[in-house]
Amino acid sequence: MRIIDGKPTTRLKQWITGLALAGTGMLWLVCFLAGPLAAIGALAFAQRGDYGELIWQFTTDNFWRMLGYTSFGWTPDHLWIIARSIILAGVTTVLCLLLGFPLAFWVAARSPSWRTLLLALVMLPTCVNLVIRTYAWQLILGANAPPSWIAAWCGFIDPGGSLYPSSGAVYLGMISAMLPFAALPLYTSVERLDWSLVEAARDLYAGRWATFRHGILPQVMPGLVAATILTAIPSLGMFVVSDLLGGAKYMLIGNLIQQQFGAASDWPFGAMLGLSLIIATLASLAVLIRWGQQEGAR
Amino acid sequence: MTTTLRLSGLLLAGACLFSAEKGTVTMYMYSEYIDPAIAEQFLKDTGYKLDVQVYESQDEMVSKLRAGAGNQYDVLIGTDVIVTKMIKLGLVKPLDQGLIPKAVGVDEKFRNPPFDPNNQYSWPYLWGTIGIAYDTTKAPKTPATWAWLLDEKQQFGSFVFMDEQRSMLGTVLVSQGKSINSRDPAEIKAAADALIAAKKTKNCVGFDGGVGGLAKVSGGEAAAAVVYNGDAARAIADKPTIGYAVPKEGGNLWVDVMLISAQAPNSDGAHALINYLLDPKIAAQNTNVMKYANGVASATPLVEEAIRTNVVIYPDAETMKTLQVMGDVGKENRLYDEAWTAVKAQ
């Protein structure tokens with residue numbers, strides 16, 4: 001017999017209360033997270049039949065194929081695709097953080113009523129479907145619109161040409177898609193900033209960089225980590241933007257996975273790619289969160 | 001006045017009851033791929049209500065059917081290459097030919113196709129070609145050739161490839177004098193290498209679906225694109241400076257066929273719909289609106305003359321000889337997939 005909140009209770013009663021409270025949530029996680037993950041894990045080591053049917057015979061072939069051992073011998077194709085996806089996600093994240101920081105400071109410095117309006121404006125584009133927004137960029141960057149005329153007049157592109165498909169267009173599309181997810185967590189951190197620490201740093205003759213490094217950065221670390229996670233992970237799997245604005249010339253990991261479940265109907269190989277992406281993402285997430293905690297605690 | 005209203009209400013209720021009696025036939029196909037007027041005619045002539053459900057790609061259809069959605073659809077529209085797979089995976093069932101008397105009108109060309117011997121499972125719906133749509137003000141006046149895209153010296157402007165692995169690698173194989181259904185790794189690799197070389201030229205602006213590539217030609221973002229003929233025919237009607245041709249080396253003849261889902265809830269209605277769409281009058285009407293040729297020989301004289309004589313839609317006999325039909329390549333599918341990945345990775 002124990003006493004909790006002044007009432008006597010038993011371990012069994014505690015279990016029942018706990019299950020009643022957390023049970024539905026746990027059931028949800030088992031059905032829609034653990035279950036599908038286990039299925040993907042099993043599928044990743046299965047085989048494809050001649051017509052795309054599943055053959056439940058254990059093989060590590062999918063793993064080696066992912067590393068580049070194909071029917072044509074070893075090729076770096078898959079590694080290129082993975083590297084390209086990581087670079088795109090990384091550059092997008094860095095650019096979103098660089099743009100998101102000034103935006104967050106600027107919004108936080110407005111009067112409260114302005115802040116609400118400005119935050120609503122930052123979020124507004126996410127009310128429109130991503131695919132539609134990306135098609136809109138196609139129209140804006142197309143050959144029959146002013147941006148292309150101006151670029152051609154300045155000599156950046158051929159007369160009559162268009163600004164898309166190009167890697168510049170892809171990054172423009174990626175940033176416009178991901179910036180709200182970087183700006184909002186940064187804003188919540190910046191808004192609660194304790195400016196007395198900044199003043200203290202100044203009093204101690206800290207320069208601009210040292211003030212930022214020791215007075216501001218540790219305080220906004222939770223927001224920075226959240227912004228990085230919210231930007232980097234979706235960017236890693238996103239391929240709509242690169243397909244529509246980059247001309248689908250180069251494949252990303254998302255394309256490769258989709259191709260396996262679509263045109264190639266090789267579900268086991270697709271599952272292996274998906275599983276590896278999930279594991280790599282979780283691993284880097286753990287590293288990032290641990291680093292953020294150390295940095296924030298300093 | 002009120003009496004008339006009541007009467008029409010009763011009639012309406014009666015009509016609903018009547019149609020409910022015979023049930024609904026659900027057809028699963030690409031969007032905007034049937035003359036919408038046909039639904040009403042079908043209801044009037046047969047008593048079945050037609051419900052059209054659309055898919056984005058046939059791979060999406062197969063994935064859905066494999067995941068167990070077969071009992072939601074009666075008639076399925078699938079292209080040649082995917083039909084073998086659907087048959088092997090047991091997603092479709094053999095047709096009861098006694099219920100499809102109108103099949104007698106089907107053109108000899110489309111009978112007994114390699115992907116469905118003896119038409120046990122399918123009858124043709126619409127068919128067409130894959131070729132090059134181009135800006136006639138920039139293209140040379142010589143006959144179209146795949147070298148317009150594949151040979152840097154013969155390129156005349158920016159161009160778009162079709163973002164479909166089998167179709168694109170297949171047409172390049174044809175351009176190299178090989179079979180569109182090649183199972184030889186060396187041949188498939190050679191086709192991929194040709195695509196990679198062309199993709200690396202500055203004129204290549206990427207890959208897109210047939211409609212997307214065509215939009216880039218109409219919008220001036222590209223001078224040429226690999227597209228489907230019917231889409232090209234509709235674009236040419238809007239903008240006469242666009243041309244379309246099957247290159248002289250040949251191309252792909254694709255056939256979209258009608259199949260019945262293995263778990264079709266309304267099997268009788270499904271047969272009735274296939275029979276109805278094979279009626280020469282209905283097939284001709286559909287071709288007039290969709291600008292794609294149909295597989296019913298006796299329907300051709302009923303098609304509008306402007307469409308019947310348009311070589312974009314009804315290729316001449318000379319071109320027909322150069323066209324190849326795609327079939328499933330089974331285990332070698334993986335070769336195509338890996339070759340395509342190489343094209344997109346390098």
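Numbered from 1 within each chain, the chains take letters A, B, ... in sequence-line order.
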So, the part of B:Leu89 with a heavy atom under 4.5 Å from chain A: the answer is side chain
Sort B:Ala222 into side chain, backbone, both or neither according to what part of it lies under 4.5 angstrom from a heavy atom of chain A.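 No part of it gets close to chain A.
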For [Y], does its backbone N or O pair with a side-chain atom of [X] as donor and acceptor, under 3.5 Å?
X        : Y        : result
A:Asn144 : B:Gly219 : yes
B:Lys199 : A:Tyr250 : no
A:Lys249 : B:Lys344 : no

Below 4.5 Å from any heavy atom of chain B, which atoms of A:Gln260 appear? Answer side chain, backbone, both or neither. side chain
Quick one: does [X]'s side chain get under 4.5 Å of [Y]'s, heavy atoms only?
X        : Y        : answer
A:Ile81  : B:Thr341 : yes
B:Lys216 : A:Ser162 : no
A:His78  : B:Glu338 : no
B:Ser63  : A:Phe261 : no

Step by step, would you call A:Tyr164 with B:Glu221 a side-chain contact (heavy atoms from CB on, under 4.5 Å)? CA-CA 8 Å; A:Tyr164 98 96; B:Glu221 279 102 19; 4.2 Å; yes
Please list, in residue-number order, every residue in residues 39-56 of chain A that has a heavy atom less than 4.5 Å from any heavy atom of chain B; write 'none' if there are none.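 Heavy-atom contacts from residues 39-56 of chain A to chain B are A:Arg48, A:Asp50, A:Tyr51, A:Gly52, A:Glu53, A:Leu54.
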In terms of heavy-atom contacts, does [atom1] of [X] have more than 12 from other residues, nucleotides or ligands at under 6.0 Å?
X        : atom1 : answer
A:Met26  : CE    : no
B:Glu60  : CD    : yes
A:Asp158 : CG    : no
B:Gln154 : CD    : yes

What option among [options] has the most heavy-atom pairs under 4.5 Å with chain A?
options                               : value
B:Gln58, B:Met86, B:Gln346, B:Glu164  : B:Gln346
B:Gln165, B:Lys85, B:Arg66, B:Lys189  : B:Arg66
B:Cys204, B:Ser57, B:Gly220, B:Gly212 : B:Cys204

B:Glu332 and A:Ser71: CA distance, side-chain angles, deciding distance, side-chain contact (heavy atoms from CB on, under 4.5 Å) verdict: CA-CA 10 Å; B:Glu332 277 72 20; A:Ser71 321; over 6 Å; no
Just how far is it from atom CD1 of B:Ile82 to atom OG of A:Ser265, taken to the nearest 0.5 Å?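 Here the interatomic distance stands at 7.5 Å.
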Enter the distance from B:Asp208:CG to A:Asp243:CG here, rounded to the nearest 0.5 Å.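 Here the interatomic distance stands at 8.5 Å.
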Candidate pair B:Trp340 and A:Gln259, rule side-chain contact (heavy atoms from CB on, under 4.5 Å), full reasoning: CA-CA 10 Å; B:Trp340 187 249; A:Gln259 183 178 304; 3.4 Å; yes
Below 4.0 angstrom, N of the basic side chain to O of the carboxylate: do A:Asp266 and B:Lys331 qualify?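 Looking at B:Lys331 together with A:Asp266, the answer is no, because their closest N to O distance does not fall below 4.0 Å.
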